[in-house]
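Every heavy atom of this structure was used, including side-chain atoms; hydrogens, water molecules and symmetry mates were not. Everything quoted here is computed from the prediction, not taken from an experiment.
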Amino acid sequence: MIKERVQRAVDALTRRLGGPRQARIVLLLACVLALNTADSGVIGAIVDELRRSLHIDNTQVGVLTAAPSLVGAVATVPVGMLTDRVPRVPLLAGSIVLWSAAMIVGGLATSYEWLLTSRVALGAVTATAGPTVASLTGDLFPHGQRAGIYGRILAGELIGAGFGLVVGGNVAAALSWRVSFWFVAVLGLALAAVVWRLLPEPGRGAQGRVRVQERQSEAAQQAVDESDVRPRPENVLRTDPSGMTFAQAARHVLHIRTNVIIIVASAIGYFFFAGLRTFAIVFVRHRYGVGRAELSLLVPIIGAGALAGVLTAGRLATTSSGAAGSPPACWCRASPTPRPRCCSCPAC
């Protein structure tokens, strides 16, 4: 009876994710992002053990979380450029192996400096996941489905953080904080092998540009004309963006105020939730006297609410992008004929 119910649940989930092939891809990419956040969840679950073992304070624990985030933020830009130039699946699988190696080295740490160095290296490696997963999503799924699918993939971040908090804390309590690191590292090595074997490498622009143009040009242009939207001349690219240097691309991106707002807001949000993942467990335990067992039950409930929010937002984004899966109109469609390129989106 239980086996039949589980099988029905799996079949229903597979259908909701678009079939076996699409479900496999979504789950693999979600697992990659889950692995990225699992390490910060583990740190949050073993704060007390780290303080006793390495004789450190809360500020130093915070640095263990902040340092990888800062390094990852800086490394994301060159890694994104690398993602555009090399096969993405080997890059992703290799980065997971390096991530696991950094976790293993961290578990061997006998001093705070040793552990911090391994965390900095880990931050540089985790920078691969964001741009690589986004690039693969763009080439593996049709334009009109990407928002909802990407929302499901991003749900992996929440699942990974919760997994790290619950499993990492319980493993540390039963064995050692070092075993928590090694346990997650072993999962990473297994995921790297699965990604290498099962994740397809799509061609660049595999979803095509012509088809999107044909489906959207008339509707997009009509919507732009009705709203009287005009592009800012200084923001219109008149050359192929793939030929830009890093400095030119950075100037163009930061020249657009919307991009700056998104970057700042994302940075604040990520640092806030990184701090929450790191210190929420120890705060609740010390402030309210909640035991580890009770927290293990509480974390999945909170995670379920956050997961529902991410999935709902993805569905709303897909719905608002247009009927029948039509992609949203790019503002560059308002450019006068002949239209210059303003970005590298499929509509251009």
Side-chain angles (χ1 to χ4, degrees), residues 33 66 69-84 123 126-127 129-135 137-138 143-144 146-148 150-151 153-154 157 205 209 212-213 216-217 219-276 309-310 312-322 326-348:
L33 296 185
S69 299
L70 285 172
V71 173
V74 174
T76 295
V77 176
V79 168
M81 299 175 68
L82 181 65
T83 301
D84 286 336
T126 55
T132 307
V133 169
S135 177
T137 302
H143 196 296
R146 288 176 198 161
Y150 198 53
I153 293 172
L154 287 178
E157 293 186 343
R209 293 184 175 182
V212 173
Q213 260 187 328
Q216 189 62 11
S217 59
Q221 190 62 50
Q222 181 179 353
V224 169
D225 291 339
E226 290 175 353
S227 59
D228 196 28
V229 174
R230 293 293 179 268
R232 293 176 178 268
E234 65 274 17
N235 291 342
V236 176
L237 287 179
R238 302 184 183 278
T239 58
D240 189 344
S242 62
M244 282 183 165
T245 65
F246 169 72
Q248 290 172 331
R251 278 197 302 269
H252 176 75
V253 169
L254 297 177
H255 188 70
I256 301 173
R257 287 177 295 177
T258 303
N259 290 341
V260 176
I261 293 172
I262 292 173
I263 291 170
V264 172
S266 297
I268 294 173
Y270 270 98
F271 271 95
F272 170 78
F273 285 108
L276 193 64
V310 170
T312 302
R315 179 175 291 275
L316 289 174
T318 300
T319 303
S320 64
S321 67
S326 298
C330 176
W331 68 268
C332 61
R333 307 299 297 174
S335 303
T337 304
R339 297 186 180 94
R341 293 174 62 95
C342 75
C343 64
S344 57
C345 72
C348 290

If you look at every heavy atom in [X] and [Y], which pair is closest and at what distance?
{"X": "Thr83", "Y": "Pro131", "answer": "CG2-O, 4.0 Å"}
{"X": "Val253", "Y": "Asn259", "answer": "O-ND2, 3.1 Å"}
{"X": "Ala75", "Y": "Ala127", "answer": "CB-CB, 3.7 Å"}

Determine the sole option in Ile262, Val260, Ile261 for which the side-chain contact (heavy atoms from CB on, under 4.5 Å) test with Thr258 is passed.
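Testing Thr258 for a side-chain contact (heavy atoms from CB on, under 4.5 Å) against Ile262, Val260, Ile261 leaves exactly one candidate, Ile262.
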
Return the set of residues passing side-chain contact (heavy atoms from CB on, under 4.5 Å) with Val77 (not counting sequence neighbours), or none when no residue passes.
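Partners of Val77 by the side-chain contact (heavy atoms from CB on, under 4.5 Å) criterion, ordered by chain and then number, come out as Phe246.
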
Under 3.5 Å: donor-acceptor pair, side chain of Thr126, backbone of Gly123:
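Confirmed, Thr126 side chain pairs with Gly123 backbone.
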
What distance separates Leu82 CG from Thr132 OG1, expressed to the nearest 0.5 Å?
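It comes to 8.0 Å.
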
Any residue meeting side chain to side chain donor-acceptor pair (under 3.5 Å) with Ser69, in chain and number order, not counting sequence neighbours
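Applying side chain to side chain donor-acceptor pair (under 3.5 Å) to Ser69 gives none.
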
